[in-house]
J.: 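Before we start, here is the structure in question, set down as structure tokens.
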Amino acid sequence: MKIDVLTLFPEMFHGVFGHSILKKAEERNFATYHVHNFREFSKNKHQKVDDYPYGGGAGMVLTPQPIFDAVHHLTKDMEKRPRIILMCPQGEKYTQKKAEELAGEEHLIFICGHYEGYDERIREFLVTDELSIGDYVLTGGELASMVIIDSVVRLLPGVLGNEESAPCDSYSSGLLEHPHYTRPADFNGMKVPDTLLSGDHKKIEEWRRKESVRRTFLRRPDLLENRELTEEEKKWLKEFKN
């Protein structure tokens, strides 16, 4: 996967792309990252990329020219148009399902804004997706794009090493993940559940599924509203409610 990022602060990405899973993904040729300062595409003699909004109001608005030209530079020789993602608090709320969808793409371009907002023509005529990582406002789109890139790249085949890891993540199955334990079995009187020490794989799998449903019911009951429950899950839910 090729990932391009358009930002006014490219140095923010050096540490993120140079460590952990993202670094390993690039070293093993699963992904490449290219960060571009779209100020360099400005035709303004002072390389300005923002201006006052028509009609007045607080703040400055990113002008369309530098961003349109930057995207054109990245895509001019391509047969297939990439996904062009605008980071914006007004966008579609980002989910694991969206991460899985984007992980199937070959090329992603992220546009990270600053100031009061974007010229509306960027939304209307340039981007394919507008995404938000939550109902709050950040100073810019950089941190949000890092979150999305991390969540997408880890889903690429081969990146995590253990192919069972990603499908078992919280939200991938529509449920929160079950609790995990490791050694020691008894830590200061706090013990690991007996089932996990039993060696009975069938019972362990059932315990994990039940605890996954329990955790979802207690922490994110909204996730259960659109889930088609099995008879066993319905039985467990009734037990939890009682």
Side-chain angles (χ1 to χ4, degrees), residues 1-14 16-17 22 25-26 29-44 47-51 53 59-156 159:
M1 174 182 284
K2 180 181 180 182
I3 295 174
D4 285 294
V5 181
L6 299 179
T7 172
L8 295 174
F9 302 96
E11 61 278 3
M12 290 180 66
F13 292 85
H14 297 164
V16 174
F17 291 158
L22 293 182
E26 185 166 43
N29 296 318
F30 292 118
T32 60
Y33 317 113
H34 308 273
V35 184
H36 315 270
N37 189 335
F38 62 83
R39 188 181 298 280
E40 295 175 3
F41 293 88
S42 174
K43 293 179 179 178
N44 179 277
Q47 285 196 308
K48 281 188 62 179
V49 294
D50 63 321
D51 211 328
M60 304 289 278
V61 176
L62 286 172
T63 59
Q65 178 271 312
I67 294 177
F68 269 81
D69 283 6
V71 171
H72 174 71
H73 173 76
L74 296 175
T75 60
K76 60 184 178 182
D77 298 321
M78 295 181 179
E79 295 181 4
K80 181 182 177 183
R81 189 187 187 204
R83 296 285 281 272
I84 303 171
I85 301 166
L86 190 72
M87 304 311 307
C88 178
Q90 300 177 20
E92 171 191 347
K93 187 177 287 188
Y94 189 62
T95 64
Q96 185 68 18
K97 184 177 180 181
K98 193 71 174 182
E100 293 166 359
E101 176 189 326
L102 294 177
E105 298 289 333
E106 296 178 2
H107 186 191
L108 303 176
I109 297 177
F110 290 84
I111 301 174
C112 305
H114 253 69
Y115 312 115
E116 182 64 23
Y118 305 94
D119 184 289
E120 191 67 16
R121 288 163 289 192
I122 296 171
R123 301 180 194 275
E124 291 185 18
F125 302 107
L126 184 63
V127 306
T128 61
D129 303 81
E130 289 187 54
L131 295 179
S132 166
I133 62 169
D135 294 339
Y136 48 88
V137 178
L138 297 170
T139 304
E142 286 78 13
L143 294 175
S145 68
M146 293 175 196
V147 168
I148 293 177
I149 291 168
D150 182 279
S151 67
V152 169
V153 170
R154 67 189 301 279
L155 294 177
L156 300 179
V159 168

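Predicted model, so just to flag it, every value in this text is computed and none were measured.
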J.: With sequence neighbours excluded, what pairs up with Asp4 under the side chain to side chain donor-acceptor pair (under 3.5 Å) test?
T.: His36, His107
J.: Looking at every non-hydrogen atom in both residues, tell me the closest pair between Thr63 and Ile122 and how far apart they are.
T.: O-CD1, 4.1 Å
J.: With a 3.5 Å distance limit and no angle check, can you tell me whether Thr128 reaches the backbone of Arg83 through a side-chain donor-acceptor pair?
T.: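 Such a contact is absent between Thr128 side chain and Arg83 backbone.
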J.: Where is the tightest heavy-atom contact between Leu155 and Ser151, given as atom of each residue plus distance?
T.: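 In this case the closest contact between Leu155 and Ser151 is CG-O, 3.4 Å.
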J.: Mind checking whether Arg121 and Leu126 have side chains closer than 4.5 Å, heavy atoms only?
T.: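 Arg121 vs Leu126: side chains apart.
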J.: I need the minimum non-hydrogen distance between Ile133 and Tyr94, along with the two atoms involved.
T.: CA-CB, 4.3 Å
J.: Is the CD atom of Glu106 crowded by more than 12 outside heavy atoms at less than 6.0 Å?
T.: no
J.: Evaluate the side-chain proximity of Lys48 to Asp50: yes if any heavy-atom separation is below 4.5 Å, no if none is.
T.: yes
J.: Is the backbone N or O of Glu92 less than 3.5 Å from a side-chain atom of Ser132, with the two atoms forming a donor-acceptor pair by type?
T.: no
J.: Charged N to carboxylate O under 4.0 angstrom, Glu101 versus Lys98?
T.: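 Yes.
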J.: Quick one: does any side-chain atom of Tyr118 pair with a main-chain N or O of Gly113 as donor and acceptor, under 3.5 Å?
T.: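 The answer is yes, because a donor-acceptor pair under 3.5 Å joins these two groups.
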J.: Between Glu100 and Lys97, does any side-chain N to carboxylate O distance fall below 4.0 Å?
T.: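 No, no charged N to carboxylate O under 4.0 Å.
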J.: Under 3.5 Å, sequence neighbours excluded: what are the donor-acceptor pairs made by side chains of residues 67-74?
T.:
residue : atom : partner : partner atom : Å
Asp69   : OD2  : Gln65   : NE2          : 2.8

J.: Give the intermediate values and the outcome of side-chain contact (heavy atoms from CB on, under 4.5 Å) for residues Met87 and Leu143.
T.: CA-CA 10 Å; Met87 304 311 307; Leu143 294 175; over 6 Å; no
J.: Given Ile149, which of Val153, Val147, Val152 fulfils the side chain to side chain contact (heavy atoms under 4.5 Å, CB included) condition?
T.: Val153
J.: May I ask you to test the Met1-Leu156 pair for a side-chain heavy-atom distance under 4.5 Å?
T.: yes
J.: Looking at Ser145 and Glu142, would you say the former's side chain and the latter's main chain have a donor-acceptor pair under 3.5 Å?
T.: yes
J.: Would you say that more than 12 heavy atoms from the other residues, nucleotides or ligands in this model lie under 6.0 Å from the NZ of Lys93, or not?
T.: no
J.: Between Tyr33 and Leu22, is there a donor-acceptor pair closer than 3.5 Å when you use the side chain of the first and the backbone of the second?
T.: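 Yes: the side chain of Tyr33 pairs with the backbone of Leu22.
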J.: Mind listing the closest non-hydrogen atom pair of Val49 and Pro66 along with its distance?
T.: CG1-CG, 4.0 Å
J.: If you take all heavy atoms of Phe17 and Val5, which pair is closest and at what distance?
T.: CZ-CG2, 4.4 Å
J.: Compare every heavy atom of Cys112 with every heavy atom of Phe13, then report the nearest pair and how far apart it is.
T.: CZ-SG, 4.2 Å
